[in-house]
Amino acid sequence: MCPKYEAAADILGKKWTGRIIRVLLGGPKRFKEIKEQIPEMSDKMLTDRMKELESQNIINRNVYPEMPVRIEYDLTDKGRELQPVIESIQKWGEEWM
């Protein structure tokens, strides 16, 4: 099997990752906003997944030096390239699930 396919499948196959990316396709969000759209995910799991996606250069963590500090997450170009993949999964799910 192709190692690049395996790496991509490993990232996207992790629980919650696809949902996080789908939420961020709607534009930049704060942690709380992401959590509100995926309420069944724990804060720790969201934190872990966000760190993983950031380390893979799929999302950006933007810190705004305001009072109080505002942190937003958004997709990088690499992350936005996943839009057709996420949409295909959505379409397949609507047809077959």
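Keep in mind the model is a prediction, meaning the values are calculated, not measured.
- Put simply, the side chain of Tyr73 reaches to within 4.5 Å of the side chain of Ile34, judged on heavy atoms.
- In plain terms, the two heavy atoms of Gln37 and Pro39 that are nearest each other are C-CD, 3.4 Å.
- With sequence neighbours left out, Trp96 forms a side chain to side chain contact (heavy atoms under 4.5 Å, CB included) with Trp92.
- Side-chain atoms of Thr76 never come within 3.5 Å of backbone atoms of Asn60 as a donor-acceptor pair (strictly under, hydrogens ignored).
- With sequence neighbours excluded, the residues that form a side-chain hydrogen bond (donor to acceptor under 3.5 Å, both in side chains) with Gln90 are Arg22, Glu94.
- In this structure, the separation between CG on Leu53 and CG on Leu24 is 8.5 Å, given to the nearest 0.5 Å.
- In this structure, the side chains of Arg49 and Met45 come closer than 4.5 Å at one or more pairs of heavy atoms.
- Leu82 has its side chain out of reach of Leu75: every pair of non-hydrogen atoms, C-beta onward, lies at least 4.5 Å apart.
- In this structure, Glu95 has no salt bridge (charged side-chain N to carboxylate O under 4.0 Å, His left out) partners at least two apart in sequence or on a different chain.
- Residues meeting the side-chain hydrogen bond (donor to acceptor under 3.5 Å, both in side chains) test with Arg80, sequence neighbours left out: Asp77.
- Here Asp74 pairs with Asn62 under the side-chain hydrogen bond (donor to acceptor under 3.5 Å, both in side chains) rule; sequence neighbours left out.
- Applying the side chain to side chain contact (heavy atoms under 4.5 Å, CB included) criterion to Lys35, with sequence neighbours excluded, gives Asp43, Leu46.
- Both Phe31 and Val63 sit in one connected hydrophobic cluster of ILVMFWY residues. Membership requires side-chain heavy atoms under 4.5 Å apart, directly or through other members.
- Distance check: Lys32 NZ to Ile71 CD1 gives 14.5 Å after rounding to the nearest 0.5 Å.
- Scored by the side chain to side chain contact (heavy atoms under 4.5 Å, CB included) test, Arg30 finds Glu33, Arg70, Glu72 as partners (sequence neighbours excluded).
- With sequence neighbours excluded, the residues forming a side-chain hydrogen bond (donor to acceptor under 3.5 Å, both in side chains) with Lys44 are Asp48, listed by chain and number.
- Remark: Ile89 engages Val85 in a side chain to side chain contact (heavy atoms under 4.5 Å, CB included) (not counting sequence neighbours).
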In sequence, state the C-alpha distance, the side-chain angles, and the governing distance for Ile21 and Ile59, and then conclude on side chain to side chain contact (heavy atoms under 4.5 Å, CB included). CA-CA 9 Å; Ile21 293 168; Ile59 65 167; 5.7 Å; no
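- Open room surrounds CD on Glu81; 12 or fewer heavy atoms of other groups in view lie less than 6.0 Å from it.
- With sequence neighbours excluded, no residue forms a salt bridge (charged side-chain N to carboxylate O under 4.0 Å, His left out) with Lys51.
- A 4.5 Å side-chain heavy-atom check between Glu52 and Lys14 finds at least one atom pair inside the cut-off.
- Formation of a donor-acceptor pair under 3.5 Å by the Lys78 side chain with backbone atoms of Gln56 is found in this model.
- Side-chain atoms of Arg19 and Glu40, non-hydrogen and from C-beta on, do get closer than 4.5 Å to each other.
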